[in-house]
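Please read the structure below before turning to the comments.
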Amino acid sequence: MTERGGRAFGLPVPRTRPETLPDTIIRGQIAMPKGYIIGHITVTDPDAYPEYIRRDTPILERLGARFLVRGGRSEVAEGSSHERHVVIEFPSYDAAKAAYNDPEYQEVAEIRRASADSVIILVEGHDE
């Protein structure tokens, strides 16, 4: 238990002014770290792939997505990689996971699977 005197479990607890708390603490509630879907993609059917982009964008945005990286210029500094990279931010890891698993998105994802080789990763963000 934390005592008002600033000790918990017999150890000193630093006193923190509200203005010095991390952004993740808002009015007594802890905000969850953001979640991300990261895709590494090599398009194998350039005629079919644009249909995936056209259809996935409104679905993911409706589910809280914000595209941070979407196939821009890149280079591999170490190792090997796919040709295209996408980073999509969501309000939380659970929101990213729910968006990926959304039935409407999964239907459209079949276009990507048929027209590209891809690795899709769900990642929880880091907050300090």
Side-chain angles (χ1 to χ4, degrees):
M1 295 191 121
T2 302
E3 296 177 23
R4 192 154 173 82
R7 298 183 74 74
F9 301 104
L11 300 172
V13 175
R15 294 178 186 259
T16 307
R17 293 188 317 266
E19 64 272 12
T20 64
L21 292 173
D23 291 336
T24 56
I25 300 176
I26 303 168
R27 295 184 189 164
Q29 297 179 347
I30 297 178
M32 300 302 295
K34 293 187 181 198
Y36 299 86
I37 294 177
I38 301 172
H40 302 289
I41 301 156
T42 298
V43 176
T44 56
D45 184 348
D47 294 327
Y49 191 78
E51 179 68 7
Y52 166 69
I53 293 173
R54 184 185 73 75
R55 290 180 59 193
D56 88 322
T57 302
I59 295 167
L60 293 174
E61 287 178 343
R62 178 176 48 78
L63 296 169
R66 185 169 80 110
F67 287 83
L68 302 179
V69 175
R70 192 160 201 183
R73 184 173 60 168
S74 67
E75 64 181 74
V76 177
E78 293 186 28
S80 61
S81 182
H82 286 277
E83 296 172 355
R84 180 178 172 82
H85 310 284
V86 179
V87 178
I88 309 167
E89 181 181 76
F90 289 86
S92 68
Y93 178 80
D94 289 340
K97 190 173 179 180
Y100 177 79
N101 289 314
D102 181 82
E104 188 179 6
Y105 171 74
Q106 282 300 312
E107 182 180 321
V108 173
E110 288 301 322
I111 299 169
R112 175 181 42 79
R113 293 181 186 112
S115 62
D117 295 327
S118 57
V119 174
I120 306 297
I121 304 165
L122 304 174
V123 180
E124 183 176 58
H126 173 71
D127 265 343
E128 284 195 28

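Along the sequence shown, residues carry numbers from 1.
Y105 and Y100 have tilted rings, their planes meeting at an angle from 30° to 60° on a 0 to 90° scale.
Heavy atoms only, all atoms of each residue included: I41 and Y49 are closest at CD1-OH, 3.5 Å. The two residues A96 and G35 have their closest heavy-atom pair at CB-C, 4.0 Å. Across all non-hydrogen atoms, the minimal contact from I38 to H40 is CG2-NE2, 3.5 Å. Residue T42 comes nearest to E83 through the heavy atom pair OG1-N, 3.2 Å, listed as atom of the first residue, atom of the second, then distance. Of all heavy-atom pairs spanning P50 and P46, the tightest one is CD-O, 3.1 Å. In plain terms, the two heavy atoms of G125 and P33 that are nearest each other are O-CB, 3.4 Å.
The distance from atom OG of S118 to atom NE2 of H85, rounded to the nearest 0.5 Å, is 12.5 Å. With rounding to the nearest 0.5 Å, the separation of CZ in F90 from CD in E124 is 14.5 Å. Rounded to the nearest 0.5 angstrom, S74 OG and R84 CZ are separated by 10.0 Å. Summarising the geometry, atom CZ belonging to R113 is positioned 13.5 Å from atom OG1 belonging to T44; distances are rounded to the nearest 0.5 Å. Here the CG-NZ distance, from D102 to K97, works out to 14.5 Å after rounding to the nearest 0.5 Å. Atom CG of L63 and atom CD1 of I37 lie 9.0 Å apart (nearest 0.5 Å).
If you chain together hydrophobic residues whose side chains sit under 4.5 Å apart, I120 and V69 never meet in one group. Linking Ile, Leu, Val, Met, Phe, Trp and Tyr residues whenever their side-chain heavy atoms come within less than 4.5 Å places I53 and L60 in a single cluster. In the hydrophobic cluster analysis, where Ile, Leu, Val, Met, Phe, Trp and Tyr join through side-chain heavy atoms closer than 4.5 angstrom, Y52 is grouped apart from V87. Hydrophobic clustering keeps V86 apart from I121 (ILVMFWY residues linked when any side-chain heavy atoms are closer than 4.5 Å, directly or through intermediates). Under the 4.5 Å side-chain contact rule for hydrophobic residues, I111 and F67 share a cluster.
Between R112 and R55, the closest side-chain pair of non-hydrogen atoms is not below 4.5 Å. No side-chain heavy atom of I59 sits under 4.5 Å from any side-chain heavy atom of E107.
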